[in-house]
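Below is one structure; the comments refer to it alone.
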Amino acid sequence: MNAPLGVILAGGQARRMGGGDKGELDLGGQSLLSRVIGRLAPQVDALALNANGDPARFARYGLPVLPDSIGGYVGPLAGVLAGMDWAAARGADVIVTAAWDTPFFPRDLVARLSAAAQGMDHPLVLAATDDPERGFTRHSAFGLWPVALREDLRAALGEGLRKIVLWTERHGGRFAEFPRGAIDPFFNVNTPGDLEAAAAVLENDP
């Protein structure tokens with residue numbers, strides 16, 4: 001399997017931060033989105049941003065901006081589909097997705113997802129963590145998705161399906177488990193307290 005294309009899912013407004021694009025929040029002198037780009041870009045062949053609204057607001061990042069191809073907010077699966085459509089136009093077989101508010105996700109995300117997909121006709125793998133305190137936790141915004149199933153996903157969305165795991169289970173999707181370590185690698189920023197906690201983490205994970 002060739003290296004996938006990467007799609008950053010720009011879902012969620014920073015309502016608990018006062019509004020605006022969450023990915024533009026400053027963390028240690030860089031936006032959250034810049035930090036996510038820095039982690040994902042070395043792992044993929046090309047990168048795009050899934051976001052709705054005026055794409056010009058992201059011009060400084062130099063990435064293609066992919067709006068949802070299905071009207072109305074239907075959740076992250078619409079962003080996955082937009083990424084699949086973009087990848088199909090580029091002749092790619094697989095995409096990997098990441099959330100734009102999760103600045104510490106693993107630098108070996110793609111390698112681990114790809115390893116878990118070995119032997120699958122259609123590589124379909126979601127990230128997960130398992131630890132004594134929180135148990136098994138899915139991180140559905142972080143996944144490996146086969147472009148070959150994009151029409152199936154389009155049809156499922158048209159039928160009203162919204163939950164990621166319901167769709168992945170239909171196609172024998174797997175999970176790739178990541179160690180939690182000192183921090184949850186999929187820790188995401190939702191509140192001012194989260195942003196302060198992330199700033200503290202930077203001292204050990206710049």
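Not counting sequence neighbours, the partners of Trp167 by the ring pair (Phe, Tyr, Trp, His ring centres under 6.0 Å) test are His171. Taking Thr102 as the reference, nothing meets the side-chain hydrogen bond (donor to acceptor under 3.5 Å, both in side chains) condition, with sequence neighbours excluded. For Ala87, the side-chain contact (heavy atoms from CB on, under 4.5 Å) partners at least two apart in sequence or on another chain are Leu5, Ala92, Ile95, Val147. For Arg150, the side-chain hydrogen bond (donor to acceptor under 3.5 Å, both in side chains) test picks out Asp85, with sequence neighbours left out. Partners of His122 by ring pair (Phe, Tyr, Trp, His ring centres under 6.0 Å), not counting sequence neighbours: none found.
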Inset, instruction - Take Asn190 and Asp101 through the test side-chain contact (heavy atoms from CB on, under 4.5 Å) and record every step on the way to the result. - result: CA-CA 8 Å; Asn190 285 317; Asp101 60 355; 4.0 Å; yes

Inset, instruction - Give the C-alpha distance, both sets of side-chain angles, the deciding distance and a yes or no for side-chain contact (heavy atoms from CB on, under 4.5 Å) between Arg57 and Asp21. - result: CA-CA 10 Å; Arg57 70 193 194 276; Asp21 288 311; 2.7 Å; yes

Inset, instruction - Apply the test side-chain contact (heavy atoms from CB on, under 4.5 Å) to residues Leu77 and Leu161: give CA-CA distance (whole Å), side-chain angles for both, the deciding distance (0.1 Å), then the verdict. - result: CA-CA 9 Å; Leu77 278 175; Leu161 184 141; 3.5 Å; yes

Inset, instruction - In sequence, state the C-alpha distance, the side-chain angles, and the governing distance for Ile8 and Asn50, and then conclude on side-chain contact (heavy atoms from CB on, under 4.5 Å). - result: CA-CA 6 Å; Ile8 298 170; Asn50 163 240; over 6 Å; no

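Here salt bridge (Lys or Arg N to Asp or Glu O under 4.0 Å) pairs that include residues 58-77, with residues two or more places apart or in two chains, are Glu24-Arg60.
The shortest heavy-atom contact between Pro67 and Ala82 is O-CB, 3.4 Å. Closest approach of Ala197 and Phe187 over heavy atoms only: CB-CZ, 4.2 Å. Smallest separation of non-hydrogen atoms from Ser140 and Val165: OG-CG2, 4.0 Å. A pairwise comparison of heavy atoms in Ala116 and Val125 identifies CB-CG1, 3.8 Å as the closest pair. Across all their heavy atoms, Asp130 and Gly135 have their closest contact at OD1-C, 3.3 Å. Between Phe142 and Ala99, the closest heavy-atom pair is CZ-N, 3.5 Å.
Atom CD of Gln30 is separated from atom CG of Leu202 by 8.5 Å, given to the nearest 0.5 angstrom. Remark: Leu25 CG to Ser31 OG distance equals 9.0 Å, nearest 0.5 Å. Separation of atoms CD1 (Ile37) and CG (Leu49) is listed at 7.0 Å; rounding is to 0.5 Å. A distance of 13.0 Å separates CD of Glu159 from CZ of Arg154, quoted to the nearest 0.5 Å. In this structure, Ser69 OG and Leu153 CG are separated by 8.5 Å, a value rounded to the nearest 0.5 Å. To the nearest 0.5 Å, the span separating CD on Glu177 from CZ on Arg138 amounts to 11.5 Å.
Heavy atoms from other residues, nucleotides or ligands lying under 6.0 Å from CG of Asp54 number more than 12.
No side-chain donor-acceptor contact under 3.5 Å links Arg180 to the backbone of Pro185. Not a single donor-acceptor pair under 3.5 Å links the side chain of Arg162 to the backbone N or O of Gly75. Side-chain atoms of Arg39 come within 3.5 Å of backbone N or O of Pro103 as a donor-acceptor pair.
In this structure, Leu40 and Leu47 have side chains that are in contact, with non-hydrogen atoms separated by less than 4.5 Å. Within the 4.5 Å cutoff, no side-chain heavy atoms of Asn188 are placed close to those of Asp194. You'll find the side chain of Phe58 reaches within 4.5 Å of the side chain of Leu33, heavy atoms only. Side-chain contact between Asp45 and Pro4 is absent, with no heavy-atom pair separated by less than 4.5 Å. Trp145 has its side chain within reach of Thr168: a pair of non-hydrogen atoms, C-beta onward, lies under 4.5 Å apart. Considering only heavy atoms from C-beta on, Ile164 comes within 4.5 Å of Pro76 through its side chain. Proximity of Leu109 to Gln43: side-chain heavy atoms (C-beta onward) are separated by under 4.5 Å at one or more points. Using a 4.5 Å heavy-atom cutoff, the side chains of Ile183 and Phe104 are in contact.
In this structure, Phe186 and His139 have parallel ring planes: the angle between them is below the 30° cut-off, well short of the 60° mark. Ring geometry for Phe136 versus Phe175: interplanar angle over 60°, hence perpendicular rather than tilted (30 to 60°).
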